[in-house]
Amino acid sequence: MTVGFIGLGNMAKAMIGGVLAKGLMGPNEIIGTAATEATRLKAANKYGIQVRESNAAVAKEADIVILAVKPQYLKVVIADIMDSIDENKIVVSIAAGKTISWLAKEFEKPVKIIRVMPNTPALVLDGCSAVCRNDLVGDDDFHFVMELLESFGKAYTVPESLMDVVVGVSGSSPAYVFLFIEAMADAAVAEGMPRKQAYEFAAQSVLGSARMVLETGKHPGELKDMVCSPAGTTIEAVRVLEEQGFRGTVMDAVLACIDKSKNL
Ligand SMILES: NC(=O)c1ccc[n+]([C@@H]2O[C@H](COP(=O)([O-])OP(=O)(O)OC[C@H]3O[C@@H](n4cnc5c(N)ncnc54)[C@H](OP(=O)(O)O)[C@@H]3O)[C@@H](O)[C@H]2O)c1
């Protein structure tokens, strides 16, 4: 089985890094291409994968073709590869906002399509992917792609109607979490903590808190209450966050992201 990446940017690199680190595939089973020679060479050197100069060459050789370009370039990429895609190949799109029916229409023929919304923590094997497929994708093909996605994190099947929501809560959300970590660390630095140590404390507490939500199954509000001692320090921070509209701001940000995804 050969997996071909069209686009070797942030997301493709996270996925390739994850698959290789897990040992699910070897570099000889992965090919890729990008718009520029510089990106192709960088990927070949870093991961040991084979690169090709054209999108059509990748589509011709690969059994699974992963479309990892920005949504606005999908039309031109599909035009490049459509003649190389036959009924046996699986096309996997990771583009935000582009539906299975939009993709199928662009190919102008029946094509096996799997739509995935991954996120960049794939790079450290802690990604989260949402997955849906069209009727042409059989269970064996689907399970193989799920296995591929699970090599770099969790993968969940969702109805396609929830894909834009997944963009808001998962695909884009690492950026909001990084902002949160940076802001907490900035405050620690302002009070004299060395920068590196501040990132470690802030990031580790986000990591541990996320694990508590997932592993205890407790409501996040209950876990918050456990940290807030009466007349203590934490409730003071919570008061300021509430006064400044922290939760409403986060909700508005996620909703803006979902809205953008719906209108791409
Ligand atoms: N970034 C995320 O966290 C994230 C999360 C979930 C989903 N996604 C989705 O993943 C997709 C890729 O995002 P990204 O962040 O990885 O983008 P990116 O870092 O900008 O990478 C895009 C890649 O596409 C290549 N490219 C552009 N035009 C091309 C063409 N005509 N033919 C072949 N390759 C072409 C670029 O080549 P050059 O490098 O040579 O310019 C680059 O390697 C998007 O559709 C996005 O919606 C991203």
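As the structure lists them, so they are numbered: ligands from 1, and atoms in each ligand from 1. Heavy atoms only: backbone and side chains are in, while hydrogens, waters and symmetry mates are out.
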Asks: How far is atom 22 (C) of ligand 1 from its nearest protein heavy atom, and which residue and atom is that?
Replies: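 Among all protein heavy atoms, the one nearest atom 22 (C) of ligand 1 is Ala68 O, 3.9 Å.
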Asks: Any cation-pi pair here, Lys98 with Trp102, using under 6.0 Å and within 45°?
Replies: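 Positive - Lys98 is close enough to the ring of Trp102 and near enough to its axis.
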Asks: What are the atoms of ligand 1, with element, lying closer than 4.0 Å to any heavy atom of Asn55?
Replies: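 Listed by number with element, the hits are 32 (N), 33 (C).
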Asks: Tell me which protein heavy atom sits closest to atom 40 (O) of ligand 1, plus the residue, atom name and distance to 0.1 Å.
Replies: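 Going by distance alone, atom 40 (O) of ligand 1 is nearest to Thr36 OG1, 2.6 Å.
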Asks: Classify the side-chain pair Ser170/Ser173 by whether it contains a donor and acceptor separated by less than 3.5 Å.
Replies: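 Ser170 vs Ser173: no donor-acceptor pair found between side chains.
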Asks: Short N/O distance, under 3.5 Å, between Ile6 and ligand 1?
Replies: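 Looking only at distances, the answer is no, because the N/O contact criterion of under 3.5 Å is not met.
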Asks: Could you go through the salt bridge (Lys or Arg N to Asp or Glu O under 4.0 Å) check for Arg239 and Glu242 one step at a time?
Replies: CA-CA 5 Å; Arg239 177 180 59 78; Glu242 294 292 6; over 6 Å; no
Asks: Could you tell me whether a side-chain N or O of Glu160 sits under 3.5 Å from a main-chain N or O of Ile100, the two making a donor and an acceptor?
Replies: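 Yes, Glu160 side chain to Ile100 backbone: donor-acceptor pair under 3.5 Å.
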Asks: Nearest protein heavy-atom contact for atom 43 (O) of ligand 1: which residue, which atom, what distance?
Replies: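 Protein heavy atom at minimum distance: Leu8 N, 3.0 Å.
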Asks: With heavy atoms of Ala96 as the reference, note each atom of ligand 1 found under 4.0 Å away.
Replies: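 Those atoms are 45 (O), 47 (O).
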Asks: For residues Val69 and Gly7, report the shortest heavy-atom separation together with the two atoms involved.
Replies: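 Residues Val69 and Gly7, closest heavy atoms: CG1-CA, 4.0 Å.
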Asks: Crowded around Glu191 CD? As in, over 12 foreign heavy atoms under 6.0 Å?
Replies: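 Open.
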Asks: If you have a sec, work out which protein heavy atom is nearest atom 3 (O) of ligand 1 and how many Å separate them, to one decimal?
Replies: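 Nearest protein contact, heavy atoms only, for atom 3 (O) of ligand 1 is Thr120 CG2, 3.3 Å.
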Asks: Which atoms of ligand 1 sit under 4.0 Å from any heavy atom of Gly171?
Replies: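 With Gly171 as reference, the close atoms of ligand 1 come out as 3 (O), 5 (C).
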Asks: List ligand 1 atoms under 4.0 Å from Met117, heavy atoms only on the residue side.
Replies: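 Numbered from 1, ligand 1 contributes 6 (C), 7 (C).
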Asks: Relative to ligand 1, is Val77 under 4.0 angstrom through side chain, backbone, both or neither, heavy atoms considered?
Replies: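 Near ligand 1, Val77 shows its side chain, while the N, CA, C and O stay back.
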Asks: Closest heavy-atom contact between Glu106 and Met82?
Replies: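 Smallest heavy-atom distance, with atoms named: O-CE, 3.8 Å.
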Asks: If you have a sec, work out which protein heavy atom is nearest atom 26 (N) of ligand 1 and how many Å separate them, to one decimal?
Replies: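 Result for atom 26 (N) of ligand 1: Val69 CG1, 3.7 Å.
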Asks: Looking only at protein heavy atoms, identify the closest one to atom 41 (O) of ligand 1 and say how far it is in Å.
Replies: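 So the nearest neighbour among protein heavy atoms is Ala35 CB, 4.0 Å.
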Asks: Would you mind running through ligand 1 and noting each atom that sits below 4.0 Å from a heavy atom of Pro118?
Replies: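 Counting from 1, the qualifying ligand atoms are 5 (C), 6 (C), 7 (C).
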Asks: If I apply the N/O under 3.5 Å rule, does Lys70 come out as touching ligand 1?
Replies: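 Indeed, backbone or side chain, Lys70 has an N or O that close.
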Asks: Hey, are the side chains of Ile6 and Ile66 touching, using non-hydrogen atoms and a 4.5 Å cut-off?
Replies: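 Heavy-atom side-chain distance check fails, nothing below 4.5 Å.
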